[in-house]
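This structure is a prediction, so every number in the text was calculated from the model and none was measured. Order of the sequence lines fixes the chain letters, A, B, ..., with proteins taken first and strands second; residue numbering starts at 1 for each chain.
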Amino acid sequence: MLSTLIGLRPVSQIRRRMPLALLAASFSFSAGPDLFSQDEAESVRAYQASRIYYDGGLAVDNGYLIVRNGQVEQVIADASELPPFIEVEYLGDAVLIPGLVSADSAISGLSAFGRSDRSMGAHRLAIDEFDPYADLTSLLSRGVTTYYMSPTRDRLIGGRGAVVKTAGSDRILKKVGDLRVSLKSSAWYPGALVEAPLPPSADNPIKPGQPQPPESRAGALLALRQQPDYVAAELSDFNIHQQGMRDYLAGQEPLRMVADSDGDLRGALEIAQLWGKPLVVDGGEHADRWAQHLAEQQAALIFKVPLFSQVASLPDSWQPPADDALRKLHDAGVPVALAVGSYASWTLLLEAATAAQGYGLTAAEALAAITEIPAEILGVAERVGTLRPGRDADFLVMTGDPLSQSASVARVYVEGELVWNVADLEEEGERNSDSTVIRAGTIWTGSGATVTGGGEVLLRDGKVVAVGKSVPHPIGTKVVDAGEDAHVTPGFIDLRGAVNSFRLSRVDPKVDVGLLAAGGRFQRNWQAVARAGITSMVLTPSSWPREGARGALVKTAGVLPQDSYIDEHEIVFMNYSGGDAPQREEGLEQTLRGAKSYFDKWEKYRKDRAKWEKEQVDKTASDQLEAEAALRKRLVQGAVELAPQKEKKEEESDADSEDSGEDESQQKVDPLNGLWEGTIEHEMLPEPITAQARMRHEGPVAVGVFSSPDDPSGQSIELEGTWNEGEQRVFFSLATEFGQVSLSGQIDAPDHMFCRIELSGFGSAEFEAVRTEIDGGNAPIVSKRKKAKKDEGPQEPKKDWRYEGLRALFEGRGVAVVQADLKHELETLSRIFAEYKLPLAIMGGSQANQLDEGARDSIRGVVAPPNLVQRVRNRTEVAAADLAAEGFATGFQTGGTRSSRFLPETLSLATHFGLGPETALRGLTSDAARLIGLQDRLGTLAPGYDADVVIHSGPPLQLGTEVIRVFVNGKEVPQTW
Amino acid sequence: MRSFAFLSLAVLSLSAWSPAQEGSIAFKVGTIHTHDFANGPVLKNATLVVHDGRVQTVAVDAEVPFDVLLEEHPEAVIFPGFLEAHTSSGVDRPNENVPVAPFLNIKDSLDPSSFYFEDELRKGVVGMGVIPGNSTIFGGQGRVVSPFGRTVEQMTLAPDMGMKIVFGGRFRWSRSAQIAQIREEIAKLNARLRLLGQRLADQAAADADKERAGEEVEPRKEFDGDDVDISPGFVKFGEDFPGKDMIAAEDLDDTQRYLVHILNGDMRLWLYAPVAADVAAAHQWSKEHDLLEKVVFVVTPAAWKAKDILKTAHRPVFLTPNFAQNLFHIERDPVTYKEVRTFVPKVFTEAGIEFAIGSLAGRMGPDRLAYQVSLCMREGMSRTQAMKTVTTVPARMWGLEDRVGTLKTGADGTFVVLDGDPLKIGTKVLQVWVRGAKVYDRTTDLRLQRLLEGGN
């Protein structure tokens with residue numbers, strides 16, 4: 001329906017043409033290779049975009065641009081109208097506009113030297129300056145696909161302009177175009193024209209230079225008025241300007257008058273009328289005063305928008321154009337093309353169009369003024385300026401609406417070919433690759449002020465960089481414009497969640513829950529949860545031992561371990577409800593005491609270690625000083641008694657070596673026993689792994705204990721293998737679920753082993769291992785290695801996994817979430833946790849409202865039970881609402897068994913029964929983050945926070961509002977799997 | 001090796017005193033690089049017989065005539081010598097300050113006693129095309145010379161090297177101004193020729209009337225002492241106009257006369273087009289005037305992007321080195337600012353363009369053709385490809401392929417005797433022979449001796 005409104009071409013025509021095209025193809029196949037190859041070259045392609053400006057300000061939303069052989073075939077609004085089998089490139093949120101047409105450029109005509117020093121040179125051609133080999137990337141990056149080439153600028157009659165394209169196969173659109181005449185004072189005083197006679201003779205003497213006009217505006221206008229007569233005159237000698245002027249006056253091209261002041265404009269109008277030429281005024285900041293006259297003479301205007309990329313050297317009396325200058329001209333019917341004034345790069349057309357809205361143009365008119373209208377003024381509208389059928393398929397892929405400050409050029413297509421792509425820069429590492437700006441009517445930041453009436457969030461590298469009414473837009477930034485109705489919130493947090501296919505039962509405390517969950521991450525259900533707006537959830541094992549179960553915060557749409565969970569932060573779940581109160585209390589005290597002493601052991605180790613390390617550093621330094629002092633002393637003495645000392649020394653060393661020789665012969669060193677260390681590198685491994693093995697052998701039976709310092713679990717495997725004394729080879733093998741793993745090592749030098757690890761069916765890796773400690777089967781270490789018994793300082797205490805979670809709490813890296821409901825339970829918890837200064841959040845807490853002030857202070861907040869909306873007697877209640885009303889930070893959960901996906905829906909309903917929407921939102925975002933101690937990372941849209949963002953179709957947590965799009969760690973969660 | 005070099009020097013210097021027929025000599029040497037690429041460019045243990053200034057035989061078992069002195073040097077190498085296709089060295093000033101000066105001839109500017117020629121001889125260069133520089137529009141005519149002789153006439157290999165026309169790169173001139181002036185000069189010439197033709201036609205009609213009336217007719221201007229042709233029909237190019245076939249060279253001034261020569265296609269045109277866009281303009285211009293067949297493109301490495309034009313033009317190309325970047329073209333990406341290096345001779349070779357390369361001997365920059373060839377080989381060209389650019393291709397550009405650049409029967413007896421491979425850095429030029437006469441001998445090179453042995 002819409003397409004017929006657009007009316008570019010009825011769809012039925014395309015359909016009808018299809019069989020014809022097929023017929024033509026088959027005919028050409030039989031006709032001969034030439035025709036066939038032509039046909040083969042035909043390419044048809046469609047580009048989908050969220051908006052396509054096909055002609056000035058006219059646009060289609062969610063449309064398709066169909067390009068055939070580099071030309072626009074059609075713009076349609078409905079995917080169902082696409083021709084069959086067409087290849088479609090989906091550009092998503094992008095906006096397509098025609099390639100920009102610059103009505104002026106600084107590419108040519110700048111040279112004040114190299115002038116063919118005539119004041120009037122109608123024969124001069126700007127096209128001579130055309131360089132088909134020049135690199136115009138900088139133009140393409142700003143979206144300029146067509147530009148005017150100016151002839152010599154600072155001359156009264158500069159010459160003939162040209163119009164060329166920035167890329168493409170047929171770049172010259174107009175070879176000999178308008179005649180450029182400058183009325184500006186910079187064209188005055190051109191200097192004398194000297195024509196040296198060659199060879200000079202009596203008949204042909206050297207003459208003084210001929211003065212040339214103009215020296216004033218009057219002189220300029222006089223010279224121009226004389227041109228028709230001059231052209232008609234019979235000159236005694238050939239004059240190239242006369243010839244050029246003749247050609248121009250006989251043709252149809254317009255007259256481009258560079259005119260700024262009122263006097264210039266009046267003169268321009270007069271000369272154009274006298275010469276009978278269509279007038280194009282170039283400049284004219286104040287041309288609006290002449291709007292009526294310009295309109296009467298059907299003149300066009302190239303309006304130079306004053307942009308300043310530097311501090312301009314303009315006089316103080318300079319007046320900017322009037323606020324309604326362009327409005328007046330437009331309403332009078334003067335076609336106005338926009339170009340950039342001389343204080344900024346001429347390629348800033350999009351910026352000029354944006355600025356032109358300040359002089360009274362609408363956005364649509366401004367866009368037309370840098371595309372369609374300049375193309376018409378330059379006489380090249382048949383090929384460029386619009387995306388109407390048959391025009392060159394020169395278009396820009398913009399990241400947003402073209403005239404908003406947020407948008408930038410992402411790609412440029414000329415004749416259907418991609419000629420510039422911002423992504424190429426990203427590959428070069430030149431620009432940030434990962435920026436997204438989300439724009440919506442309302443930004444709910446979670447804490448702090450809500451941005452209403454339009455706001456933006458900039459995400460980069462997985463973090464929020466800026467939030468506000470208008471944020472920076474780095475080049476290449478993707479812009480997601482959700483519209484005025486949309487609301488943006490931080491990602492939601494489910495404080496005890498689950499995903500349908502993934503549920504934890506009893507989990508060994510050694511196991512990292514986050515890593516465990518990351519393994520199941522490629523499943524669809526996770527995505528469904530993420531798409532519902534739950535960007536984070538806390539996972540816990542289902543059974544909670546007395547010392548607490550270690551939960552983890554998981555990002556629902558992260559894929560790699562490093563962006564899918566937060567592992568440095570512990571969330572310890574404990575149960576303190578029901579049962580015998582004194583017994584429970586004692587149990588809790590006992591647990592915390594145990595944890596505290598375990599923590600103290602670690603603290604002591606940490607302090608001792610730090611002290612030892614400092615000592616080592618000091619010792620090394622003092623050793624060095626001593627050694628230096630000794631050396632200095634020896635050098636001083638050496639000058640006196642060098643020879644005797646030397647002899648003495650030799651004797652000493654002889655004695656030494658004899659001694660050690662004896663020692664060695666006495667002590668037999670076993671070649672294998674000891675601690676071996678090697679580093680395994682393989683392409684399958686993300687990074688090299690250091691492996692350690694303590695090996696020991698008794699006869700041919702070898703035993704090895706394998707471990708790796710890189711393995712956080714600190715696990716080790718004990719294997720039995722064989723030792724071949726003759727060949728000095730050791731061999732171990734192990735059957736795993738992946739297949740047989742075998743390790744063989746060949747001792748090729750003392751304390752050096754060449755190893756090969758083989759995983760049947762997968763591959764193998766070879767590495768070297770060295771013995772770092774020698775275990776004496778019967779003898780200690782050899783005498784040569786006196787220093788080998790290194791003082792390694794205090795060692796880590798043995799890990800007690802039961803207390804690891806609580807230890808983190810003592811270290812300030814986590815929070816305890818304790819299930820408790822009754823008043824006395826809560827009071828006891830509050831007291832004990834305060835005693836140990838540990839952070840406490842309550843899960844359940846239905847009687848929390850009965851607590852007194854003191855008890856409340858040590859409770860961070862309450863995680864409401866999953867059954868939010870309850871029927872109590874005859875009333876429907878939301879208990880969480882009461883807790884929130886009491887001033888508790890309230891978070892929400894789905895209970896760890898049902899999918900977190902429906903938490904927002906449940907809350908939407910709860911808002912109908914007394915739960916404040918604002919409270920509900922905070923409970924899903926900032927309050928939830930505060931409850932689990934991650935208030936500096938999650939739950940708020942502020943710089944430095946994780947880029948977890950949810951876009952809602954309307955006010956969030958209201959029935960009828962949907963989640964439209966979700967970003968986790970700055971990346972959008974795909975809509976479809 | 002060194003003792004051999006001295007020995008061979010001694011032997012060769014002895015031979016210089018031997019009585020022999022003028023312009024005749026035979027050499028039997030270890031290696032002869034004939035550069036006859038069609039028939040095997042290298043002969044081992046072969047003999048070169050030069051008789052009467054020309055190569056009589058070059059073969060492994062050549063017969064030496066009784067009156068030709070044979071010299072045998074089993075370790076020596078004979079090589080046809082390097083050719084510098086295009087240079088503006090060896091003249092007093094390369095550029096006239098009047099831009100349109102097609103009447104200039106480099107012969108008036110050449111200085112036979114210039115150290116440039118002496119130096120080139122020492123390096124084994126046996127021919128160079130000397131032509132006005134690149135800072136004009138119609139620069140003047142060049143001349144192919146060998147670097148030996150007391151007068152320009154003695155040096156001359158070919159007097160008609162061709163005309164220099166400059167399409168770009170002129171200091172302080174934009175490309176459009178340059179092209180506009182070329183166009184203007186030709187438009188002016190055409191207009192003046194038409195005026196002149198009209199006048200001559202009117203004169204002829206008046207004379208015919210007078211004759212019919214029996215009156216005395218003033219005779220046409222006769223020979224006036226210079227060598228300018230007085231026969232009509234001088235203008236051959238372009239459309240017909242009244243009186244065109246009546247115009248004689250004598251009727252025109254020097255500038256006009258040589259412009260007519262250019263447009264007539266009477267001379268080879270060396271179009272200086274330093275960058276790619278200039279090549280496009282020069283190619284367009286020569287096609288418009290139907291002169292493409294006469295064109296040699298003189299380019300710098302910056303022109304490499306126009307390789308497609310150069311290829312389809314099927315005309316020889318001379319590549320001038322850049323004084324800092326030599327044969328490379330180095331540019332920066334305007335957005336990413338990355339450096340892009342292109343070795344242009346390789347690009348041209350791969351595109352199938354016939355091209356010569358030059359040195360900047362006598363000026364600032366790379367000054368040895370042997371080095372340029374070695375550089376090409378380092379950048380991946382074959383020895384044959386690289387060697388052609390400084391021997392056979394320049395000869396063909398000058399139309400002297402039957403005389404220099406290749407040692408084959410009938411060619412000039414011009415060659416270089418070396419003590420090793422011509423591209424090797426330590427190789428010395430022992431002797432240079434031009435048309436059967438020895439013009440350089442290392443043993444009598446006083447300046448070199450002084451340099452090597454000291455003294456003053």
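The aromatic ring centres of B/H261 and B/F234 sit less than 6.0 Å apart.
Contacts of B/A303 with chain A are absent, with no heavy-atom separation under 4.5 Å from either backbone or side chain. Heavy-atom distances place both the backbone and the side chain of B/A276 under 4.5 Å from chain A.
Around atom NZ of B/K305, more than 12 heavy atoms belonging to other residues, nucleotides or ligands sit under 6.0 Å away.
Shown are A/R411, A/K165, A/R171; of these, the salt bridge (Lys or Arg N to Asp or Glu O under 4.0 Å) with A/D394 is made only by A/K165.
No other option in B/A187, B/A191, B/G168 has as many heavy-atom pairs under 4.5 Å with chain A as B/A187. Chain A forms more heavy-atom pairs under 4.5 Å with one residue of B/Q284, B/R170, B/R183 than with any other, namely B/R183.
The shortest non-hydrogen separation linking A/V412 to A/L140 is CG2-O, 3.1 Å.
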